[in-house]
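In what follows, every chain begins at residue 1, and chains take the letters A, B, ... in the order their sequences are listed. Keep in mind that what you see is a predicted model, and the values were worked out from it rather than measured.
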Amino acid sequence: MKKILSFALAAAVIMTAAGCGGTKTAVQTDPSKTVITIADWPSEENKNYETMQQYKADFEAENPDISIETSPYVYATDTFLPKAMSGQLPTLYKTYYTEVEKIINSGYAADITDMMKEMGMADALYDNIRDVVEKDGRIYGIPQQLYVQGLMCNIALFKEAGLENADGTIQFPTTYEELANTAKIIKDKTGKAGFAIPTTTNQGGWHFMNIAWSFGVEFMKQEEGKWKATFDTEECINALQYVKDLKWKYDVLPSNAFLAMGDLETQFSTDQLAMYFRPADSTSTLISTYGISKDNIAYARVPEGSAGRFAQMGGTVYMISNSATPEQISACGKWLDFIGQTATVDADKEERMESDCKKNSDNGYMVGIKSMPIWSTPERNATIERLSEKYCNIDRRFVEDYEKYETITITPEEPVKCQELYSILDSCIQSVLTNKDADVAQLVHQAASDFQTNYLDKIRDDEM
Amino acid sequence: MKYTAKKRKFLPGRFMQDVSAWVLIAPALCALMLICWRPIFLGFKMAFFDNDGLKYVGLDNFKLVVSDVLFIKALKNTTLYVVWSLIIGMGLPVVVAILMNELIHATSLIKSSLYLPQIVPVIAVSLLWYFVYLPDGSGLLNSILGLFGLSPRVWLQDARLTIPLIIISMTWRGFGFTSILYLASLQGINRELYEAAAIDGAGFLRRTVKITIPHMYPMIMLFGINQIKSVFNIMVEPLSMTGGGPDNASLSLGLQSYRYAFQYFRMSESVALSIVMWFIIMGVTVIYIYADKKLEQ
């Protein structure tokens with residue numbers, strides 16, 4: 001009897017354990033339908049939730065052979081790899097220009113060239129944008145947004161420091177020397193940091209590129225099939241010395257030398273920081289998360305250095321999971337077309353784009369900054385411009401300087417090993433910001449040497 | 001009565017005899033295999049393949065991580081983490097446990113207070129101490145210095161201080177719990193030994209050296225190995241407090257492995273470095289045990 005009881009108990013334990021993992025919620029989908037999972041889906045609390053749900057319903061009604069599942073997943077470097085390796089990536093996800101190269105090299109993005117050609121998008125991409133999403137003549141991503149780094153300025157701090165013109169606009173710095181002096185005036189008059197550059201998680205190196213290129217730095221070049229680090233130069237020493245001077249000569253940086261982008265966002269939004277590099281198309285986070293008013297934000301072009309005015313190109317890109325079938329790839333293309341993220345525009349898409357524009361304007365986000373076109377289709381670009389003007393809710397005098405795109409050398413990321421380069425530059429920046437006696441020339445020399453031996457010399461053929 | 005070992009029958013008879021035990025242990029065994037052994041095996045295998053997991057590359061990934069210019073720096077830093085943890089974190093719980101053992105009143109309150117930091121998540125503790133160490137006037141330490149008219153210090157940004165300061169934050173979280181375990185060990189000592197020593201004229205210090213410490217020694221050694229092992233794998237604290245900076249002054253091997261995987265998407269190299277770390281820890285542990293045995297002899 002005792003044995004029977006213990007056996008029954010053991011069996012019950014197993015049944016329970018098995019039951020724990022077995023109560024998977026069954027999502028019944030019609031096997032004849034193509035199911036796609038769309039990432040970045042807003043939560044129910046989000047202002048865009050209802051709109052997206054309506055788009056989903058309309059799309060599924062229009063395409064009865066496609067079913068959409070939604071996922072709140074937002075790309076992050078520390079969560080992407082586990083998802084990708086375990087085959088859990090959403091079918092359609094969004095990432096940043098800075099990540100595209102390594103995602104393609106890792107094989108986690110599907111080749112969508114055929115779909116792009118079928119939908120007439122392959123030839124509608126501008127060449128500089130096409131370079132970002134293309135490898136060996138094949139396309140792996142659909143750009144969603146294109147932006148250029150600018151100098152974001154806190155209007156309240158500028159005015160408090162007396163950097164205000166007679167017409168109420170503010171005095172933007174136009175050169176790196178002026179940037180340092182402007183930041184110094186703000187620091188002296190308000191006690192707040194005049195300028196900041198992030199220093200961790202490779203973001204320091206990423207921002208440093210704007211300064212370095214403008215000082216004439218060339219980071220790498222290809223010679224006889226081999227990549228060579230070419231930044232052990234006077235120009236790079238001057239650029240890093242400039243960053244060092246911001247700390248030790250002008251004393252305009254925040255006292256904390258370990259800063260990520262989130263720290264800069266917090267400080268800027270709470271009027272603790274006057275300027276940092278940021279593209280104009282990404283202010284919604286600051287407004288929705290930190291509560292800064294759109295009327296407190298101004299944008300200028302990045303300053304001009306001895307070699308010109310160089311600003312980094314950036315943006316967001318849709319990519320499709322490497323495990324997607326051709327039917328799923330096609331369905332993702334249809335969805336993006338439906339929500340107006342492709343090259344063409346028609347009455348329905350225009351209506352949806354207008355609705356989005358109006359909502360953004362009503363919700364207090366910045367509407368009215370001229371964006372850089374992704375597609376070479378005049379009708380679409382004209383529509384975007386018209387809607388931007390119609391729903392403009394900002395004082396455009398505070399952003400007009402930023403929009404002089406033709407005066408800026410808009411530069412894509414370095415061709416190979418960007419993240420590794422940024423990581424090395426992060427260390428250099430941390431050194432000059434934490435050590436007053438840091439030998440800048442030695443740091444640059446060591447950085448170039450390390451980048452060459454550690455990364456460029458070990459580059460694989462498929463990464464070229 | 002002479003006991004004769006009964007010759008046990010092999011399967012299936014013996015299995016059937018223990019079937020309840022097997023059935024009870026089966027879920028845990030399956031979970032262990034799926035959750036622990038399988039990933040370890042797959043990870044080990046991954047280190048010998050390229051990042052796509054398709055091409056066998058032999059020891060290439062190991063060569064890459066060991067020849068990385070940051071490997072030696074990370075290894076040196078990791079060793080420093082271990083050394084500082086032994087200096088700061090090993091003696092403190094022993095002292096606290098001995099002092100608590102002498103207490104008569106409020107022992108429960110003190111034990112609870114000491115245990116509290118242990119239940120705070122590592123990331124929260126790291127952020128808490130990050131704010132304590134902030135380099136401007138808003139940092140707690142600098143605020144205290146300010147009360148005495150002293151100028152603020154840069155704390156974590158000083159490359160010479162970064163590692164010990166991180167170890168202090170870890171010790172703050174962990175020493176209380178270790179103290180309580182030591183205390184449990186101390187309370188197992190026969191009180192008559194202390195009474196006899198006291199009658200013989202031994203003071204507190206002498207009683208501690210002659211009775212308490214020898215009694216605690218095996219436990220101290222065990223915790224010592226455990227501390228070396230866990231501190232050698234340090235990753236979250238430098239990641240959240242300094243990002244490995246300034247200028248890689250707090251970069252550990254664990255953080256370097258994290259960077260390979262999550263910043264560069266080079267999982268095979270990340271796993272290869274983890275295996276290198278495993279061998280180093282194994283080597284250190286073997287030496288530690290060998291030295292301990294020699295000392296005992």
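- Within the 3.5 Å criterion, the main-chain N or O of A438(A) finds a donor-acceptor partner in the side chain of K244(A).
- Here the rule is side-chain contact (heavy atoms from CB on, under 4.5 Å) with R173(B), and of V122(B), I119(B), L128(B) only V122(B) fits it.
- Put simply, of P246(B), C30(B), G243(B), the one with the most heavy-atom pairs under 4.5 Å next to chain A is P246(B).
- Taking the ring centroids of F48(B) and F62(B), they lie under the 6.0 Å cut-off.
- Using a 4.5 Å cut-off between heavy atoms, A261(B) touches chain A through backbone and side chain atoms alike.
- With a 4.5 Å cut-off on non-hydrogen atoms, V154(B) does not touch chain A at all.
- Looking at L239(B), there are no atoms closer than 4.5 Å to chain A (heavy atoms on both sides), in backbone or side chain.
- The contact between S67(B) and chain A is made by backbone and side chain atoms together, counting heavy-atom distances below 4.5 Å.
- With chain A as the partner, the residue from N51(B), L70(B), D136(B) showing the most heavy-atom pairs under 4.5 Å is D136(B).
- Options L251(B), T242(B), D158(B) differ in how many heavy-atom pairs under 4.5 Å they form with chain A, and the most are formed by T242(B).
- Proximity to chain B involves both the backbone and the side chain of D78(A), based on heavy atoms less than 4.5 angstrom apart.
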Quiz prompt | Test log, rule salt bridge (charged side-chain N to carboxylate O under 4.0 Å, His left out), inputs K187(A) and D251(A) | solution = CA-CA 8 Å; K187(A) 181 71 186 283; D251(A) 187 23; 3.7 Å; yes
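- Contact annotation for T453(A): only side-chain heavy atoms (C-beta onward) come within less than 4.5 Å of a heavy atom of chain B.
- Only the side chain of T200(A) comes within contact range of chain B, with at least one heavy atom under 4.5 Å from a heavy atom of that chain.
- Atom-to-atom distance recorded for Y75(A):OH and K94(A):NZ is 14.0 Å, nearest 0.5 angstrom.
- Within the 4.5 angstrom heavy-atom criterion, atoms from both the backbone and the side chain of N256(A) approach chain B.
- Put simply, of D50(B), L64(B), I25(B), L134(B), the one with the most heavy-atom pairs under 4.5 Å next to chain A is L64(B).
- S423(A) places no side-chain N or O within donor-acceptor distance of the main-chain N or O of Q419(A), the cut-off being under 3.5 Å.
- Using the six-membered ring where Trp is involved, Y264(B) and Y455(A) have ring planes that are perpendicular, over 60° apart on the 30 and 60° scheme.
- The two residues F71(B) and L273(B) make their nearest non-hydrogen contact at CE1-CD1, 3.7 Å.
- Heavy atoms of F80(A) lying under 4.5 Å from chain B belong exclusively to its side chain.
- Between Y56(B) and F49(B), the two ring planes are perpendicular [angle over 60°; tilted spans 30° to 60°].
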